[in-house]
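Since the structure comes first, as structure tokens, the remarks are kept for the end.
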Number of protein chains: 2
Amino acid sequence: MKKFSSRFSIAVHILSVVSWNSSLSTSEFIAGSVNTNPVIIRRIISSLKKAGLVSVKAGTGGTYLNKELDEITLLDVYRAVEVAQQGELFNFHEHPNPACPIGANIESVLRKNMLKAQTAMEQELAQVTLKQLVSELSEKTVETAKG
Amino acid sequence: MKKFSSRFSIAVHILSVVSWNSSLSTSEFIAGSVNTNPVIIRRIISSLKKAGLVSVKAGTGGTYLNKELDEITLLDVYRAVEVAQQGELFNFHEHPNPACPIGANIESVLRKNMLKAQTAMEQELAQVTLKQLVSELSEKTVETAKG
DNA sequence: ATTCGTTGTAACTATAATGATTACATCGAG
DNA sequence: CTCGATGTAATCATTATAGTTACAACGAAT
């Protein structure tokens, strides 16, 4: 295929940092944790803003959650930053030969089945909230500190 | 994201044509139905060969199924032509800051959850055989013929 | 054995998405 | 007004994909 971009994992990373300390969460600071350029962070935060997940204090800096952690699912984040809209994960070859009975009908048949597969994936993402994820993260952090 | 390549849909198209008439299935002929270049078809057939799904008569031409239609699932085709191996659909940002407790642990936590989502999608693909798909295709073809 | 259509690949090109970076106008608190 | 931060445009390198040309090797048919 071509995997999903890293935007999704960075977006989750951003939200985790924001949930830990909103006022410290400047693009500069988050970029330090993600280890990338601040502009990358600002672009992804821009997507999260459009999706209504966060607000940003322009000028001053800092990013704030618009919802509680348990009201944000991985699917919300996925939808906010990935280009694929619902039902569009799979690509189809553009112009099959309409004169061929197979070429004429393969797309609609395949599309129906692919939509089921994509929906199954999205339902899994919908079942994980950021609250759960941050909770798993802090368990892991404690383990790391111990070991 | 970046969608899956069209290789998957072309591969299913190819197998559908082959199941309809093996000896007619030269790369040239299939390319006519898919409406692309014969080399594209040969490259994908090459992947299908490596996966053991088909055999090709070099020199003479023609592509032959190695398994029955109901023994080939969409997951088999997906695995044959897409680059992503099991558990690798999602990309992760490469080098988060290990000094940050979030950066140090986010990947493993996220990876676990993403694997569940990917597996759910693959299980859906595993439940559709080419036999079912070709059957849906011929129903559709009859409808189209009727008008 | 030669011919002819086909396969199997390599090589090259164009296009598009991504990630990174620089630059700069604008915002807002102090 | 100043200073740090945001928002965004522009540019660049890298990579995957899709398409195309070219050509050696294969195999059946004559």
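A, B, ... follow the sequence lines: proteins, then strands. Residue 1 opens every chain.
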Q) Phosphate oxygens OP1/OP2 of dA20(C): is one of them under 4.0 Å from a side-chain N or O of His93(B)? A) yes
Q: Specify the separation, in whole Å, of atom NZ of Lys50(A) and atom P of dT6(D).
A: 16 Å
Q | Residue pairs fulfilling side chain to side chain donor-acceptor pair (under 3.5 Å) with at least one residue in residues 33-42 of chain B, sequence neighbours excluded | A | His13(B)-Ser33(B), Ser27(B)-Arg42(B)
Q: Among Val17(B), Leu24(B), Leu15(B), Ile40(B), find the residue that satisfies the side chain to side chain contact (heavy atoms under 4.5 Å, CB included) test when tested with Ile30(B).
A: Val17(B)
**Q.** Asn97(A) side chain vs Val34(B) backbone, donor-acceptor pair below 3.5 Å
**A.** no
Q | side chain to side chain donor-acceptor pair (under 3.5 Å) partners for Ser47(B), two or more places apart | A | none
Q: State which residues pass side chain to side chain donor-acceptor pair (under 3.5 Å) with Lys50(B); sequence neighbours excluded, sorted by chain then number.
A: none
Q: Only counting residues at least two apart or in another chain, list the ones meeting side chain to side chain donor-acceptor pair (under 3.5 Å) with Asp70(A).
A: none
Q. How close or far is atom C1' of dG8(C) from atom CZ of Arg43(B), stated in whole angstroms?
A. 11 Å
Q: Classify the side-chain pair Gln118(A)/Glu122(A) by whether it contains a donor and acceptor separated by less than 3.5 Å.
A: yes
Q.
Expressed as a whole number of angstroms, how long is the span from Arg42(B):CZ to dA24(D):P?
A. 15 Å
Q: Rounded to the nearest angstrom, tell me the gap between atom NZ in Lys57(B) and atom P in dT7(C).
A: 12 Å
Q | Phosphate contact (dT6(D) OP1 or OP2) by Ser46(A) side-chain N/O below 4.0 Å | A | no
(Q) Taking any heavy-atom pair under 4.0 Å as a contact, classify Val39(B): base, sugar-phosphate, or nothing. (A) base
Q | Nearest-Å distance for atom pair CG/C1', residues Leu48(B) and dG8(C) | A | 15 Å
Q. Tell me, which of residues 21-37 of chain B have any heavy atom that sits under 4.0 Å from an atom in DNA chain D?
A. Thr36(B), Asn37(B)
Q) Of all heavy-atom pairs between His93(A) and Ile10(B), which one has the smallest distance, and what is that distance? A) CD2-CD1, 3.5 Å
(Q) From CG of Asn91(B) over to P of dA17(C), roughly how many Å is that when rounded to an integer? (A) 16 Å
Q | Footprint string (nucleotides 25-30 of chain C, 5' to 3'): B base within contact, S backbone only, - free, heavy atoms under 4.0 Å | A | --BSS-
Q | For atom CD1 of Ile40(A) and atom P of dA5(D), their distance in whole Å | A | 19 Å
Q: Report yes if some heavy atom in the side chain of Phe8(A) is under 4.5 Å from a heavy atom in the side chain of Met114(B); otherwise report no.
A: yes
Q. Would you say dT7(C) has OP1 or OP2 under 4.0 Å from some side-chain N or O of Lys49(B)?
A. no
Q. Ile44(B) CD1 to dT7(C) C1': how many Å, rounded?
A. 15 Å
